[in-house]
Amino acid sequence: MQQFHPEIRVRFAPSPTGPMTLGNARTALFNWLFAKHMNGSFVLRIEDTDVARSHKDHERDLISALSWIGITWDEGPSVDGSEGEHGSFGPYRQSARTPIYEEYLRDLLKRGLAYRCFCTKEQLEADAASAVSRGIPHIYSGRCRHADQSDHVQRPSVIRFAMPLRRIVFTDYIRGEVVFDTATIGDIVIAKDERTPLYNFAVVVDDERMRISHVIRGEDHIANTPKQIALQEALGFATPIYAHLPLILASDRTKLSKRTADISILNYQQRGYLPEAIMNFLAFLGWHPHGVESEKELFTPLELMRSFDLSRVQKAGAVFNPEKLDWLNGQHIKALPIAELYQYCLPFLLSDNRQHSHSFSSQQLMGIVRLVRDRLTVLSDVRSETEFFFQLPSYEKELLVWKTDSIEHTHAILRRVRELFSSISEDECTAHFLSPAFEPLISEHGKGSVLWPVRVALSGLRGSPGPFEIAEVLGVAEVIRRLDHALTLSS
RNA sequence: GCUCUCAUCGUCUAGCCCGGUCUAGGACAUCGCCCUCUCACGGCGGAAACGCGGGUUCAAAUCCCGCUGGGAGUACCA
């Protein structure tokens, strides 16, 4: 076995057969974090050898998801989704690397390390069925190993690798020593023909040609590893260091599937998750920092980069826990500078042609965001949380009445409040001024009796921010309008 | 079936490599209390785990073996 490539180079190699999933994103993240921490290179390679299942739409989805989360690549396709790419080990799309694979394929064929197989699907299925019934692993019989190779132009065939019979041992960075016996693997198909390589073959060629030093990928690839190592040896390639990440599981502890939660990561963007929250969350699915940081939960991308240690990733699969993601997102929202949060909220705030009985300046809008910030779990919550600023919801008059109060008493208090507001200037309509101004009323009637009806009159809601804060953004005129409405309702 | 793999609160995990400091720590969720005009936020507190059985040892969550249970792979997909 040759030594691995000395310079740290990792790759994230998704196949564009579907949108970017949580599992994919985490694999990408761990590769990226590892590369950044070690000062190595992160390569993005598109594994689109299966033309029938690969789509440009998915490739674009993958690329925009990656850049949204904040994962950047040193080599690979252009970020803009064009056909361009950067880096000196390309092309970075397997579909553009056909001649490279062909060369190695022909070499293997010529040296007799690979051969054409003419077996039909029916034959293969029969072989498998019989193996299962006898309780032995169903591997290819090797029937065509010594078949006449000359007539492959006429008869349909595939290319198989003549798997040498032996033990293959590799040391997984996360799991330690893993042993396979190639007798349980058999002669695998490595290409449909010289110009159509299959996954295991293409990966081996690319990892070598791109000088990949560490292959960090999902645990579902662990069984592919001995196949790839055998191929590397046949081709005289180096064997990278392997690190197999535990899977992200659904709540039933099975692999996260499309229909559970493993939908496109971009859905999380649309629902108002912060990229840094997603990154923080994903990083902690299966990994945990060491030492003094082991009880810290909130990490910025930079902090993750600094603390990341591949050898500390968990061996067991991790269940995806949406509640924790929500909490983390809320925490990241609270930690965001208000101006930045405001920018994030803007698309949700002004997303459609909602009825504005009231229009606000950006200064006011930012004030509104500040008021509801602590109530946001996802950014899209800003929509419902701020609705009442734009349009007073209709409410029952009973809602105005504080606990033991009567509607008459409430009405009387609201009259006094209206008088107070009609006597103040716009500049005085601030929480700072209002709070002491309400003091006499409150000491006379009690906090609840005053504040509750005012707050309901201004918000129309059972729960909301405080009345003074609302008044401050609404302004005197709108406050009086809403008080008048409450007065009419309660009379 | 076969191959590989994993195993600490419901969930994410610290501790395990280098046995004693673990009456097992943190976080999410949950329950209670406090803050409070309300809802959130926040603060405080509670309940909650070393899968089982052997062994090694003065001593095991930590080391070894077995069992059980889970997961993944088993394609002319990746």
Using whole Å, what does the distance between atom [atom2] of nucleotide [N] and atom [atom1] of [X] come to?
X	N	atom1	atom2	value
F388(A)	rA40(B)	CZ	C1'	12 Å
K121(A)	rA75(B)	NZ	C1'	8 Å
D50(A)	rC76(B)	CG	C1'	10 Å
I168(A)	rG73(B)	CD1	C1'	16 Å
I222(A)	rC2(B)	CD1	P	19 Å
H290(A)	rC17(B)	NE2	C1'	12 Å
Y173(A)	rC17(B)	OH	C1'	14 Å
E323(A)	rC12(B)	CD	C1'	12 Å

Confirm from the modelled atom types if [X] and [N] form a donor-acceptor pair under 3.5 Å, side chain to base only.
X	N	result
N321(A)	rA29(B)	no
H138(A)	rG1(B)	yes
R462(A)	rU38(B)	no
K255(A)	rA72(B)	no

Does [X] make a side-chain N or O approach to OP1 or OP2 of [N] shorter than 4.0 Å?
X	N	value
R175(A)	rA7(B)	no
Q331(A)	rG42(B)	yes
R253(A)	rU11(B)	yes
W452(A)	rC37(B)	no
K192(A)	rC77(B)	yes
T254(A)	rG70(B)	no
K447(A)	rC37(B)	yes

Which whole number of Å gives the distance between the [atom1] atom of [N] and that of [M]?
N	M	atom1	result
rA40(B)	rU30(B)	P	11 Å
rG32(B)	rC37(B)	C1'	23 Å
rA75(B)	rC16(B)	C1'	39 Å
rC44(B)	rA29(B)	P	15 Å
rU74(B)	rC58(B)	C1'	49 Å
rA27(B)	rA59(B)	C1'	32 Å
rU21(B)	rC63(B)	P	16 Å
rU62(B)	rG53(B)	P	13 Å

Query raised in the report: Honestly, is R271(A) close enough over Y268(A), meaning NZ or CZ under 6.0 Å from the six-membered ring centre and within 45° of the axis?
Result: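 Flagged: R271(A) positioned over aromatic ring of Y268(A).
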Report task. Tell me, please, whether F118(A) has R116(A) positioned over its six-membered ring: NZ or CZ under 6.0 Å from the ring centre and within 45 degrees of its axis? Result ->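 Here R116(A) fails the 6.0 Å and 45° test against F118(A).
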If pairing requires Watson-Crick or G-U wobble contacts with both distances under 3.5 Å, which nucleotide is the partner of [N]?
N	answer
rU36(B)	none
rA72(B)	rU3(B)
rU21(B)	none
rC63(B)	rG55(B)

Query raised in the report: Distance-only, no hydrogens or angles: does the S307(A) side chain make a donor-acceptor pair with backbone N or O of L304(A) under 3.5 Å?
Result: no
Query raised in the report: Between the side chain of R45(A) and the main-chain N/O of R11(A), is any donor-acceptor distance below 3.5 Å?
Result: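 No; zero donor-acceptor contacts below 3.5 Å.
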Report which part of the nucleic acid [X] touches: base, sugar-phosphate, or nothing (heavy-atom distance under 4.0 Å, all strands).
X	answer
K403(A)	nothing
V158(A)	base
F180(A)	sugar-phosphate
R312(A)	sugar-phosphate
G446(A)	nothing
V456(A)	nothing
T49(A)	sugar-phosphate
P14(A)	nothing
G448(A)	sugar-phosphate
E385(A)	nothing

Any heavy-atom pair between the side chains of [Y] and [X] that's under 4.5 Å?
X	Y	value
I190(A)	N200(A)	no
E194(A)	R106(A)	yes
F299(A)	R306(A)	no

Query raised in the report: Toward the 5' end of RNA chain B, which comes first, D181(A) or L325(A), by nearest nucleotide?
Result: D181(A)
Report task. Could you pick out which residue, L198(A) or E297(A), lies toward the 5' side of RNA chain B when each is mapped onto its nearest nucleotide? Result ->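 The residue closer to the strand's 5' end, by nearest nucleotide, is E297(A).
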**Report entry** side chain to side chain contact (heavy atoms under 4.5 Å, CB included) assessment of L235(A) paired with F201(A)
**Finding:** CA-CA 11 Å; L235(A) 289 161; F201(A) 183 76; 4.2 Å; yes
Let's see if you can work this out: which of [options] has an atom nearest to the side-chain heavy atoms of [X]?
X	options	value
K324(A)	rA14(B), rU5(B), rA27(B)	rA27(B)
S15(A)	rC12(B), rA78(B), rU5(B)	rA78(B)
K315(A)	rC2(B), rA72(B), rA7(B)	rA7(B)
A223(A)	rG73(B), rA14(B), rC76(B)	rG73(B)
V319(A)	rC12(B), rA29(B), rG71(B)	rC12(B)
L285(A)	rA7(B), rC12(B), rA27(B)	rC12(B)
W402(A)	rA78(B), rC37(B), rU5(B)	rC37(B)

**Report entry** Other residues, nucleotides, ligands: >12 heavy atoms within 6.0 Å of E177(A) CD
**Finding:** no
Requested in this report: Quick one: do F281(A) and Y273(A) satisfy ring-ring contact (aromatic ring centres under 6.0 Å, His included)? Show the steps, please.
Outcome: CA-CA 11 Å; F281(A) 175 75; Y273(A) 288 89; 9.0 Å; no
